[in-house]
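A quick write-up on the structure given underneath.
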Number of protein chains: 2
Amino acid sequence: MKYTDLSVSVNPMKKTADINDIPPARRLLNTASRLFYAEGIHAVGIDRIIAEAGVAKATFYKHFPSKDDLVVAHIEEQDRAGRAYVAALPAQPPREMIAAILGRIGNAASDADYRGCVFLNAAAEYPERASPVRQAIDARRAWYRDTLQKLCAASGDPSPEMTAGLLVALSDGLLEGGYLDDPAKIPSLIEAALAKLLPNT
Amino acid sequence: MKYTDLSVSVNPMKKTADINDIPPARRLLNTASRLFYAEGIHAVGIDRIIAEAGVAKATFYKHFPSKDDLVVAHIEEQDRAGRAYVAALPAQPPREMIAAILGRIGNAASDADYRGCVFLNAAAEYPERASPVRQAIDARRAWYRDTLQKLCAASGDPSPEMTAGLLVALSDGLLEGGYLDDPAKIPSLIEAALAKLLPNT
DNA sequence: CAATTGGCAGACAGACCTGTCTGTTCATGA
DNA sequence: TCATGAACAGACAGGTCTGTCTGCCAATTG
């Protein structure tokens, strides 16, 4: 699973105004992330990705040994974005921290192109628990659960593991509800859920 | 969307002991449901389904005009199973009714072949909101939400719509958690969630 | 008995899939 | 100036996809 390092995003302020100055591996990953999320992973072929990214096929297979490697890179990219969001939150009490983290769900669901949770959608297409894709998803979920559990513990919750489990389930459910039902209702549902699940302030 | 009527399941007590006595349309749907759920919809081709069902290709296309019709039949079949489960529940107070309905999640997740929510998994593969598949999923979700909301109202909940929304999100999230995380934790999470979300007994 | 019906078997078309390979162009650096 | 490496364009192989079609067989029905 070795491919071109993509952990550093392209800084648009660099004098790479020309789209073609963005390196091919980055262009491929950006295009793939967009298409995979919008249409599903199995539904999008390599030919489509390289065409929209403007990259030759041989170049693609040089940077990503297989399509699955690209999928894993896509999952890890989205995972990085989520962790960066949390890392960038201003310091605040645990309960407000949790509310801010959950609040991201409402923001995401309000997007016109919102199509549910990247990780749940991908997991639906990868039944093999041992597959690299599923392992990347597991790593994401473990981090998310752990982050919430630590915050619960810090807030004085007597059963942080249970509460974190409920918050994870709520997050998953609201992410899917924002896709399949009415996204506009998500924020008030989050508010109501936090009021009932977290120890009173 | 007209195909052979499948609303009546085959009664195994009928003297159709020979597997081949089960009508082809039913054999196809049973096989497709199993494969679609286990491996994903786009990942399973018609050739595979007809081979495992022991049905000729022409016969398949006689009963189901296209693969999507089969997918819709699969979704509707699972929807029927869920509604039948609720309809068969013994009469009991609203709160116990809700607990029994949510309890089905724990039962399902404990199955060794459990692979998450049929409807959420399918929705992940069908981005078009107007597609027949998504419409069948919408109908299912509307019924589920409505069922819970009526029970909440009957239990004297002052805001049944909000509570039902939370219960739907919880259901979705626990169904996914039972797939991706630890299924054994689902029952206690359900219990804890009901204690916190429903008005005290 | 004869005709109809329903299902089986499998070839076929045309598109798309992943992944490999050949050969060309172009920029950079020795 | 020339060599190297990266990316481009695109053919190709081998397989799978959906959906159509032809032909055969067996059971049922008039």
Side-chain angles (χ1 to χ4, degrees), chain A residues 1-6 10 15-32 35-36 39-74 125-128 131-133, chain B residues 1-6 10 15-16 18-32 35-36 39-74 122 125-128 131-133:
Chain A
M1 188 69 50
K2 279 290 175 188
Y3 43 79
T4 304
D5 177 49
L6 288 161
V10 168
K15 49 179 175 180
T16 57
D18 189 347
I19 296 177
N20 288 358
D21 283 356
I22 298 174
R26 165 58 49 186
R27 238 154 57 209
L28 285 165
L29 184 53
N30 289 352
T31 305
L35 294 177
F36 285 159
E39 304 183 21
I41 296 172
H42 288 349
V44 175
I46 296 294
D47 285 341
R48 176 98 180 284
I49 294 169
I50 63 171
E52 296 206 17
V55 169
K57 207 167 201 178
T59 306
F60 167 81
Y61 278 101
K62 182 185 172 188
H63 290 286
F64 302 93
S66 76
K67 181 184 177 180
D68 265 12
D69 291 276
L70 178 64
V71 176
V72 170
H74 156 61
E125 295 200 64
Y126 282 81
E128 287 296 330
S131 74
V133 173
Chain B
M1 190 68 53
K2 280 289 174 188
Y3 44 78
T4 305
D5 177 48
L6 289 161
V10 168
K15 50 180 176 181
T16 57
D18 189 347
I19 296 179
N20 289 356
D21 283 355
I22 298 174
R26 166 57 48 186
R27 237 155 57 210
L28 284 165
L29 183 53
N30 288 353
T31 306
L35 294 177
F36 284 160
E39 305 183 18
I41 295 173
H42 289 347
V44 175
I46 296 295
D47 286 341
R48 176 96 180 283
I49 294 169
I50 63 171
E52 296 206 15
V55 170
K57 207 168 199 177
T59 306
F60 167 80
Y61 277 102
K62 182 185 172 188
H63 290 287
F64 302 92
S66 75
K67 181 183 178 180
D68 266 12
D69 291 277
L70 179 64
V71 176
V72 170
H74 156 61
E125 295 201 63
Y126 283 82
E128 285 296 328
S131 74
V133 173

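In what follows, chains are A, B, ... by sequence order, proteins preceding strands, each numbered from 1.
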With sequence neighbours excluded, what pairs up with Lys67(B) under the side-chain hydrogen bond (donor to acceptor under 3.5 Å, both in side chains) test?
none
Return the minimal non-hydrogen interatomic distance between Arg27(B) and Gly54(B), and the atom names on each side.
NH2-O, 3.0 Å
OG1 (Thr31(A)) and CD1 (Ile50(A)) are apart, to the nearest 0.5 Å, by 11.0 Å
Any sub-3.5 Å donor-acceptor pair from Glu125(A)'s side-chain atoms to His42(A)'s backbone N or O?
yes
Restricting to nitrogen or oxygen on both sides, can you table the protein-nucleotides 3-6 of chain D pairs closer than 3.5 Å?
from	atom 1	to	atom 2	distance (Å)
dA6(D)	OP2	Lys62(A)	NZ	3.4
dA6(D)	O5'	Lys62(A)	NZ	3.2

Measure CZ/Phe64(B) against P/dT18(D) and give the value in whole Å, please.
14 Å
Could you check Ile49(A) against Leu70(A) for side-chain contact (heavy atoms from CB on, under 4.5 Å), going step by step and ending with a plain yes or no?
CA-CA 11 Å; Ile49(A) 294 169; Leu70(A) 178 64; 3.8 Å; yes
The reported gap from CD1 in Ile22(A) to CG in Leu29(A) (rounded to nearest 0.5 angstrom) is 12.0 Å
Measure from CZ on Arg26(B) to P on dG7(C) and round the result to the nearest Å.
15 Å
Applying side-chain contact (heavy atoms from CB on, under 4.5 Å) to Tyr61(B) and not counting sequence neighbours gives Ile46(B), Lys57(B)
Distance-minimising heavy-atom pair for Phe64(B) and Ala73(B)
CE2-CB, 4.0 Å
Looking at residues at least two apart in the chain, or sitting in another chain, which of them share a side-chain hydrogen bond (donor to acceptor under 3.5 Å, both in side chains) with Ser66(B)?
Asp69(B)
Between the two end axes of the helix from dC1(C)-dG30(D) to dA30(C)-dT1(D), each built from 5 base pairs, what angle do you get to the nearest 10°?
10°
Spacing of CG belonging to Leu28(B) relative to NZ belonging to Lys62(B), to within rounding of 0.5 Å:
12.0 Å
Within the 4.0 Å limit for protein heavy atoms, which parts of nucleotides 14-20 of chain C are touched? Write it as a string from 5' to 3', B for base, S for sugar-phosphate only, - for none.
---SBBB
